[in-house]
Amino acid sequence: MTRMRSRTLACNLLVLGFLAAYTHIQADDSFTVPSSVADILRKHCMDCHGDGSAEGDVQLDVLETLSADQRLALLDRVQEQLHFHQMPPEDEPQPSDRDKEQLVSWITSEFAAA
């Protein structure tokens, strides 16, 4: 029975160690928009959703300053607008299929990482 308790204690300590490391990584919460994605956003989104502009209460130039929860909520709104072809508006230059795919792929990877 003592051997079983020792193993259980060792396993619990190992799990606590992983959780402590994971919590430390999550607490850092450093975030950077990849330059290729930033280029797409700059070209197709920032006129209305950057540099202090926040049409529809969406401001994308603050992504790097938001908490993880706020950032994911904002990216969820962006993904929804892209999915339903609401953004960019029809009268604005449209991103290429490759750029749309890259943007959606990046957003999806951010959700997966969270």
To the nearest 0.5 angstrom, please state how far the CD atom of Q94 sits from the OG atom of S96.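 One finds 10.5 Å between CD of Q94 and OG of S96.
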With rounding to the nearest 0.5 Å, note down the distance linking CG in L63 to OG1 in T32.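 It comes to 11.0 Å.
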Please collect all side-chain hydrogen bond (donor to acceptor under 3.5 Å, both in side chains) contacts where either partner lies in residues 37-53, sequence neighbours excluded, each pair once.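 Every pair satisfying side-chain hydrogen bond (donor to acceptor under 3.5 Å, both in side chains) with a residue in residues 37-53: D39-R42.
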Name every donor-acceptor pair, under 3.5 Å, that has one atom in a side chain of residues 77-85 and the other anywhere in the protein, sequence neighbours excluded.
from	atom 1	to	atom 2	distance (Å)
R77	NH1	D57	O	3.3
R77	NH2	G56	O	2.9

Exercise: identify the closest heavy-atom pair between [X] and [Y]:
X	Y	answer
Q70	S67	OE1-N, 3.0 Å
D61	G52	OD2-N, 3.6 Å
V37	V33	CG1-CG1, 3.8 Å
C45	L60	CB-CD1, 3.7 Å
Q102	I40	OE1-CD1, 3.7 Å

Please set out all donor-acceptor pairs under 3.5 angstrom arising from side-chain atoms of residues 103-110, sequence neighbours excluded.
from	atom 1	to	atom 2	distance (Å)
W106	NE1	E110	OE2	3.4
T108	OG1	V104	O	2.8
S109	OG	W106	O	2.7

Are P95 and P88 packed together at the side-chain level, in the sense that at least one heavy-atom pair is separated by less than 4.5 angstrom?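 Yes, at least one pair of side-chain atoms sits under 4.5 Å.
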More than 12 foreign heavy atoms under 6.0 Å from CD of E101: is that the case here?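 No.
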